[in-house]
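First the proteins, then the strands, lettered A, B, ... as listed; each starts at 1.
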Number of protein chains: 4
Amino acid sequence: MGRKQSYTESELLDITKRLVLEHGYDGFHLKLLSQHLPGARSTIYQYYANKEEIVAACMKRVITSVIEKASAIDETSPMQALQELLTVYVEESELHQLLGDAHKINVKNSAAASRDLDFVKQAHTTLKVQLTRLFQKAQQEKNIREDIPLPVLVGGFSNLINTPNMINVPTPQWSKLLFQMWMGGAQR
Amino acid sequence: MGRKQSYTESELLDITKRLVLEHGYDGFHLKLLSQHLPGARSTIYQYYANKEEIVAACMKRVITSVIEKASAIDETSPMQALQELLTVYVEESELHQLLGDAHKINVKNSAAASRDLDFVKQAHTTLKVQLTRLFQKAQQEKNIREDIPLPVLVGGFSNLINTPNMINVPTPQWSKLLFQMWMGGAQR
Amino acid sequence: MGRKQSYTESELLDITKRLVLEHGYDGFHLKLLSQHLPGARSTIYQYYANKEEIVAACMKRVITSVIEKASAIDETSPMQALQELLTVYVEESELHQLLGDAHKINVKNSAAASRDLDFVKQAHTTLKVQLTRLFQKAQQEKNIREDIPLPVLVGGFSNLINTPNMINVPTPQWSKLLFQMWMGGAQR
Amino acid sequence: MGRKQSYTESELLDITKRLVLEHGYDGFHLKLLSQHLPGARSTIYQYYANKEEIVAACMKRVITSVIEKASAIDETSPMQALQELLTVYVEESELHQLLGDAHKINVKNSAAASRDLDFVKQAHTTLKVQLTRLFQKAQQEKNIREDIPLPVLVGGFSNLINTPNMINVPTPQWSKLLFQMWMGGAQR
DNA sequence: TATGAATGAGGGTTCATTCAT
DNA sequence: CATGAATGAACCCTCATTCAT
């Protein structure tokens, strides 16, 4: 009946996420991964067929969690929703960075990786659609200035999550600060 | 005497910059570099002693150019200066991304790389000092709101350069749009 | 668990010894080594981390064996002991040549190589101390002429091992012949 | 009428000799050589067609000089002649070490190197013949003990030159000391 | 002739992946 | 299943030698 697995798939992906963020896709080695897990390097192949699949699965898992949180948001009030959405994004701010390496994954080697990356792309689109929807609603409700093109405002909003939290405020307050700044501007 | 070089050091660094941005430090190989230059891989060693030195020299050159442009700015009016500085940063928006990999360069192999990276660090500090100076002046002149901590505003400003220019506006106008958004906020 | 190694560490070091003696340190390549072992070049890295470590380990092993044999000698009668010591040296006459390349090993790359070479140096000293001890005792017992400086006699003794055995006498007899010649001189 | 040569062939061979002794044949690079000569590395090819020829020419020159000195010795008294011969050998004691690497020279690349090495081999034989002749004469004159096989005595004599001169005596006296030790033996 | 640039072969090392136990 | 050994492809880098100026 076989030996007990010494770690779960989920643990494997957790470590993968951390290491890919730390070292980038090309700096992420299976040797490195195995050093952060019990057991031998080759054991990893019991879980995934190759490096590509590991990272793809990791990306899929991360974006799935974001999608779940984002789709749970009540969109009745668009501005309120945007604030909540920003909090979700800030909480998972690595998402952006992580997915930035998606294009490096060589998909020819593995159907599974290919499928996972397709899912990621799909999910990405879903998020963009939600964002656009919220912005359009906000605009209809006259909450948003019109002298700046909408895509610029959307881009600015999305880009907020990359702002480094230099003052180490807890995430929810950090998200509020960012939203406040984005909304009201820097000028007195 | 001797043969004519088949490409200049500057060309080499141009390509290096592009490739490091495209592939990251770990994805940047001398093989890749040589594929984008005429001649054999080993010819590269006529210019630099190793991979580390190439990338370090590249980073140095890029930040040097930014420093030059930034220090030419007239700081009399801080808000005006910030707008101009943003333009410089947007023009060289890869700087940030490029330098992000600086810590990956193994400096033990090469004194030259070490020197160049020290220079880069120094220059980085110089830029931060300029930015802080401008913000303080702006604050003194009551141009900047005070209910948001200054570091957040600074962070938000710096982070503007990462906003993707989705609408493909020419750089100067893009910079103006960003500045306008950052100053006035998104709210109507 | 895992596969069976296709050769032992000891076999690897045996071949290394032979090849370093044959080709010198600079002429000793891992490709050469792998050609004298089953399997691929990269397999060697299962045993040692780099070329330096291989040769250092080899030297350590050889001198360890000499130290063991030399320290087992009964030193009651110094002349008898010297004869036995010579036999040990002649048996391991490659030692000298092998260690001659020790200074070429770049120790910066590898702590293990550094440690092994320190051990070798230490052992070398131990051997010299023993030799000096025996000569002093022999001198006290008036077995050694005094019109020639002791270091010259010691040097001459040590150098005996390099005498090529042209007549292909078995080692113990060869050692006896050399000792006899060194003691009695060539003159009738 | 061309440019003035910046160094002579003889200087080139002098440096070569020193460097080959210092680094061994495989540790001897043309880059190293050119660093010890004025001018560019490629200039060396104005003197010799390749690395092999350089080293072969160097060996030839060294052994030629030994042959000259050795053949000038008056062989009337064999013991006297042996003492003088030893002095010559000690003076040129690097000869042995230098020629030890002769077999490493790949002769296929160069007819000139091949010719020079043949000459070296020939000269080597000439020296051995002289040595044998002197020993035979010494034996006939009853100067040499007969209980030890002649080749052993010859080998011992030849090997004297490798004795390290630890006490830093000037060469002629060193030679005398060695001869004395070899003749009379170590025993009181 | 002297030079510095260009080159390709070859050696060191790492790493994803496969294989035998 | 889990493991550790084996492998080959891919990189970095050096060096003898050739080539164009």
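Sequence order on DNA chain F of the closest nucleotides to G2(B) and I44(A) puts I44(A) first from the 5' end. Both S6(C) and E52(B) lie close to DNA chain F; mapped to their nearest nucleotides by heavy-atom distance, the more 5′-ward contact belongs to S6(C). Between G39(D) and F28(C), the residue whose closest nucleotide on DNA chain E is further toward the 5' end is G39(D).
To the nearest 0.5 Å, atoms NZ (K17(B)) and CD (E92(B)) are separated by 5.5 Å. Rounded to the nearest 0.5 angstrom, R18(A) CZ and I15(A) CD1 are separated by 5.5 Å.
Protein atom CD of E53(D) is 13 Å distant from nucleotide atom C1' of dT17(F), rounded to whole Å. Atom CG in L37(A) sits about 11 Å away from atom P in dT3(F), given to the nearest Å. Distance, N50(A) CG to dC15(E) C1': 14 Å, rounded to whole Å. Rounded to whole angstrom, the span from the CG atom of N109(B) across to the C1' atom of dT14(F) amounts to 14 Å. In this structure, the NZ atom of K4(B) is 14 Å from the C1' atom of dA6(E), given to the nearest Å. Summarising the geometry, the separation between CD on Q5(B) and P on dT7(E) is reported as 12 Å, rounded to the nearest angstrom. Regarding L33(C), its CG atom lies at a distance of 12 Å from the P atom of dT13(E), rounded to whole Å. Distance CZ (R41(A)) to P (dT14(E)): 11 Å, rounded to an integer number of Å.
No donor-acceptor distance shorter than 3.5 angstrom exists from the side chain of T43(C) to the backbone of G39(C), with no hydrogens or angles considered. Judged by distance alone, the side chain of Y47(B) and the main-chain N or O of Y7(B) form a donor-acceptor pair under 3.5 Å.
Residue Y45(B) has its side chain nearest to dC13(F) when only dC13(F), dT18(F), dA16(E) are considered. Checking dT3(F), dC12(F), dA6(E) against every side-chain atom of T43(A), the shortest atom distance belongs to dT3(F).
The phosphate of dC1(F) has neither OP1 nor OP2 within less than 4.0 Å of any side-chain N or O from Q46(A). Dashed line: the shortest gap from a side-chain N or O of H29(A) to OP1 or OP2 of dA16(E) is under 4.0 Å. For the pair S42(B) and dC13(F), the criterion of a side-chain N or O lying under 4.0 Å from OP1 or OP2 is not met.
In the helix from dA2(E)-dT21(F) to dT21(E)-dA2(F), the rotation axis of the first five pairs and that of the last five pairs differ in direction by 20°, rounded to 10 degrees.
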Applying side-chain contact (heavy atoms from CB on, under 4.5 Å) to T16(A) and Y48(A), what does each step give before you reach the verdict? CA-CA 12 Å; T16(A) 297; Y48(A) 294 98; over 6 Å; no

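Residues S34(C) and I44(C) are in side-chain contact: their nearest non-hydrogen atoms beyond the backbone lie under 4.5 Å apart.
For S110(A), the side chain to side chain donor-acceptor pair (under 3.5 Å) test picks out E53(A), with sequence neighbours left out.
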